[in-house]
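Computation of the quantities below employed the complete heavy-atom set of this structure, encompassing side-chain atoms and omitting hydrogens, waters and symmetry-equivalent molecules. We name chains A, B, ... by the order of the sequence lines, and we start the count at 1 in each one.
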There are 2 protein chains.
Amino acid sequence: MATINEVAKLAGVSKATVSRVLNNRPVSSETHAKVMKAIRELKYQPNAQARGLSLRQVKIIGLIAPDLRGGFYGPIILGIEEVLQKNDFNLIVSRAQSKEYRLAKMLKEKKVDGLIIATPRRIGEKGILALKKDNFPVVVIDGNVGEQVSSVEVDSRQGAYQATEHLIKLGHTRIGVISSPYSFKESRDRLRGYQDALKQYGLTYDHALVREGNYSMASGEREIEQLLVLEPRPTAIVAFNDEMAIGAIHGLFKKGFSVPRDMAVIGFDDSEIAQTFYPPLTTVRQPIKEMGAVAARKMLAILSGEETAVTHVILQTSLVVRASCGAGLQ
Amino acid sequence: MATINEVAKLAGVSKATVSRVLNNRPVSSETHAKVMKAIRELKYQPNAQARGLSLRQVKIIGLIAPDLRGGFYGPIILGIEEVLQKNDFNLIVSRAQSKEYRLAKMLKEKKVDGLIIATPRRIGEKGILALKKDNFPVVVIDGNVGEQVSSVEVDSRQGAYQATEHLIKLGHTRIGVISSPYSFKESRDRLRGYQDALKQYGLTYDHALVREGNYSMASGEREIEQLLVLEPRPTAIVAFNDEMAIGAIHGLFKKGFSVPRDMAVIGFDDSEIAQTFYPPLTTVRQPIKEMGAVAARKMLAILSGEETAVTHVILQTSLVVRASCGAGLQ
DNA sequence: TTGTATGCGTTATCAT
DNA sequence: ATGATAACGCATACAA
């Protein structure tokens with residue numbers, strides 16, 4: 001492909017001048033025309049690496065996530081990419097590795113200008129803080145690294161409150177929980193929201209009703225069995241993601257229970273399967289795609305120097321009422 | 001961050017020597033030690049852009065897809081990324097744009113070394129051929145650009161044959177089809193496989209049984225309604241992806257039909273929802289993640305010069321029998 | 001084995 | 001307004 005030198009030669013100007021028209025700096029209208037003509041003829045396209053080397057900015061953002069697919073990370077990728085594309089940035093996606101040093105590699109190599117980290121796991125926590133200390137642009141999605149690094153999160157406590165309240169208002173008093181791993185900050189927040197609602201409506205908290213899952217469908221199916229042997233048996237379940245909710249429903253179906261008739265089930269995320277499933281799943285909607293978009297905007301702001309302080313954006317959840325709780329809608 | 005010059009200075013050698021140890025070229029063991037020590041002390045990390053500029057290789061591959069999430073593109077991304085990561089390459093993902101020129105931009109900018117294009121749509125077809133003519137490394141996944149560009153595909157005809165045969169062997173003779181858009185090559189191949197199976201088992205083809213969907217759940221629900229009014233009513237359905245199959249089942253449930261008792265339904269893809277759904281969906285498994293992996297390996301082979309000719313890899317499908325056809329398994 | 005010099009394709013500085 | 005030239009950080013051909 002043509003370089004700036006060839007364009008300069010064809011247009012009969014210096015490459016400095018070509019660079020000027022490329023970057024919209026003042027040039028006489030006649031030279032502008034000449035240069036543009038040469039650019040078109042040679043189908044010239046500036047070399048991003050050379051530009052990056054000179055400007056110290058590649059216009060690429062990296063995303064680190066434990067998994068690149070699924071109902072959660074797919075929309076995040078989409079949300080990020082949409083924002084970046086509008087700003088002529090690109091997105092490199094990378095699966096999280098156990099080795100922390102990998103985290104830093106792309107940044108230090110200058111392969112990316114900044115890193116968006118989306119992982120609830122503890123992997124990389126120290127690594128993230130180290131990056132932050134080296135002043136690398138980092139934004140965390142739904143993480144638990146604390147105050148020092150910019151983040152976009154979701155009001156988990158509120159979300160769990162909404163779910164629990166909905167069930168209470170439907171008349172349930174024994175409400176089981178299939179939680180995400182207790183070590184995640186979001187789990188603790190959600191459990192607090194669950195307790196808030198119980199307290200608010202004068203119900204007592206029973207620890208036996210709370211089971212720890214691991215976000216997989218299988219764990220949902222496993223934990224519902226444990227909940228079913230309780231006396232008295234719960235009549236409603238809050239699962240901390242849609243997959244575990246659906247796993248629970250599978251378990252209920254296999255034991256001959258009907259949903260929502262015998263058991264109301266409510267999920268978390270409003271991922272694609274929540275609408276796809278039958279019965280359609282009542283769920284706490286997290287604005288997943290928007291989380292990605294907000295993180296991307298935040299990253300761009302940091303890079304452009306608009307945003308200098310560490311900030312934490314907290315997005316709100318909303319309850320999506322479908323059929324799985326028998327609320328009579330849809 | 002430190003540069004090669006600072007490392008050279010600290011180690012007391014020239015930067016050429018540092019470059020040599022970085023690239024495993026012969027150096028005396030003492031200088032090797034000195035240089036490595038300096039590298040560690042300075043936490044030196046080579047600058048990918050400078051290296052790329054010099055080597056004309058960034059070690060980044062681009063992926064263009066119509067959508068970055070969902071049961072199909074998620075696993076593709078995962079498959080690609082896994083292979084690339086092992087080879088120290090990175091993956092830039094980008095949503096397909098209607099404008100063809102966007103396709104070429106990343107390549108011409110040298111922001112990526114090659115492009116993997118995964119889109120059944122006709123978008124970019126001319127653009128792809130143009131890229132190929134300019135000798136840019138391009139691999140197409142499941143595309144319909146013809147012989148001239150390397151591709152990895154799936155044996156769609158065989159897949160549809162397997163699905164249809166399965167239903168025939170279960171005793172069905174009126175088998176409806178909810179197809180993907182007829183303009184896609186894969187649709188035509190699958191319809192041929194469907195017809196092959198009918199013919200093989202002495203059944204006659206009835207065009208009224210074939211409806212055109214658009215891969216969305218809604219279209220599955222829409223088209224099942226049309227199939228239900230036929231006389232005699234079909235007793236089994238082949239849908240050309242899992243989402244349409246599930247849409248069809250929703251439609252059936254709403255009309256009071258039971259699956260598989262009143263209607264056998266079989267999907268295509270074996271995406272995550274196929275296992276998640278209730279009843280678990282019998283489906284034609286496409287090795288989606290492997291398609292990504294194969295495409296990535298092919299791209300790396302092209303870049304390294306191992307693969308020079310245009311080749312087409314065709315992966316085989318397999319039938320995954322679950323509950324939605326009443327075959328008695330699982 | 002090691003060092004020097006040059007090129008990779010830009011942008012930026014300093015002249016003119 | 002434009003041109004010459006020096007970075008940017010690395011790899012490499014050629015010398016020593």
For this session: Look at A:T31 and D:dA1 and indicate whether a side-chain polar atom (N or O) is within less than 4.0 Å of OP1 or OP2.
Result: no
Seminar exercise, completed: The answer to which of A:A2 and B:E30 contacts DNA chain C further toward the 5' end, by nearest nucleotide, is B:E30
For this session: Measure from the side chain of A:S28, starting at C-beta and using heavy atoms only, and say which of D:dA1, C:dT10, C:dG3 lies closest.
Result: D:dA1
Exercise. Starting at NZ of A:K34 and ending at P of D:dA1, how long is that distance when rounded to a whole Å?
Worked result: 15 Å
Exercise. B:Q49 has an atom CD; how far is it from atom P of D:dC8, in whole Å?
Worked result: 14 Å
Problem set entry | Among B:V7, B:V27, B:T31, B:N23, the one residue meeting side-chain contact (heavy atoms from CB on, under 4.5 Å) with B:V18 | B:V7
Exercise. Would you say the side chains of B:S94 and A:Q85 form a donor-acceptor pair under 3.5 Å?
Worked result: yes
For this session: Could you check whether B:K110 gets within reach of a base, just the sugar-phosphate, or nothing at all, counting any heavy atom under 4.0 Å?
Result: nothing
Exercise. What's the NZ-C1' distance between A:K111 and D:dG9, to the nearest Å?
Worked result: 16 Å
Exercise. If you check every side-chain atom of B:S19, which of D:dA7, D:dG3, D:dT12 has the closest atom?
Worked result: D:dT12
Problem set entry | Non-hydrogen side-chain atoms of B:P66 and B:R95 separated by less than 4.5 Å | no
Exercise. What's the closest nucleotide to the A:L22 side chain, out of D:dT2, C:dC8, C:dT11?
Worked result: C:dT11
Exercise. For A:S54 and C:dT10, is the shortest distance between a side-chain N/O and OP1 or OP2 below 4.0 Å?
Worked result: no
For this session: Mind running side-chain contact (heavy atoms from CB on, under 4.5 Å) on A:T311 and A:E307 for me, showing each step along the way?
Result: CA-CA 9 Å; A:T311 62; A:E307 183 170 322; 2.9 Å; yes
Exercise. NZ of A:K9 versus C1' of D:dT2: gap in Å, rounded?
Worked result: 18 Å
Contact list (N/O, under 3.5 angstrom) for nucleotides 13-16 of chain D vs protein:
none

Exercise. If only side-chain N and O atoms of B:S14 are considered, is one of them under 4.0 Å from the OP1 or OP2 phosphate oxygen of C:dT4?
Worked result: no
For this session: Describe the nucleic acid contact of B:V18 in one word from base, sugar-phosphate, nothing, applying a heavy-atom distance below 4.0 Å.
Result: nothing
For this session: Side chain of A:L55 only, please: which of C:dA12, D:dC10, C:dG9 is the nearest?
Result: C:dA12
Problem set entry | Gap between atoms CG and P, on B:L53 and D:dC8 respectively (whole Å) | 14 Å
Problem set entry | For B:V294, the option from B:V152, B:V83, B:V139 that meets side-chain contact (heavy atoms from CB on, under 4.5 Å) | B:V152
Problem set entry | Nucleotide C:dT10, atom P - distance to CD of A:Q57 in whole Å | 17 Å
For this session: Using a cut-off of strictly less than 4.0 Å, decide whether A:R25 has a side-chain nitrogen or oxygen near OP1 or OP2 of C:dA12.
Result: yes
Exercise. Looking at D:dG3, C:dG9, D:dC10, which one has an atom nearest to any side-chain atom of A:V13?
Worked result: D:dG3
For this session: Answer yes or no: is there a side-chain heavy-atom contact under 4.5 Å between B:F89 and B:D113?
Result: yes
For this session: Using atom CZ of A:R51 as one end and atom C1' of C:dG9 as the other, report the distance to the nearest whole Å.
Result: 11 Å
For this session: Report yes or no: does A:E109 contribute a side-chain atom to a donor-acceptor pair with the main-chain N or O of B:P46 at less than 3.5 Å?
Result: no
Problem set entry | Under 4.0 angstrom between A:N23 side-chain N/O and C:dT11 OP1 or OP2 | yes
Seminar exercise, completed: Rounded to whole Å, the NZ-P distance (B:K59 to D:dC10) equals 16 Å
Problem set entry | Check: B:I128 and B:V138 side chains under 4.5 Å, non-hydrogen atoms | yes
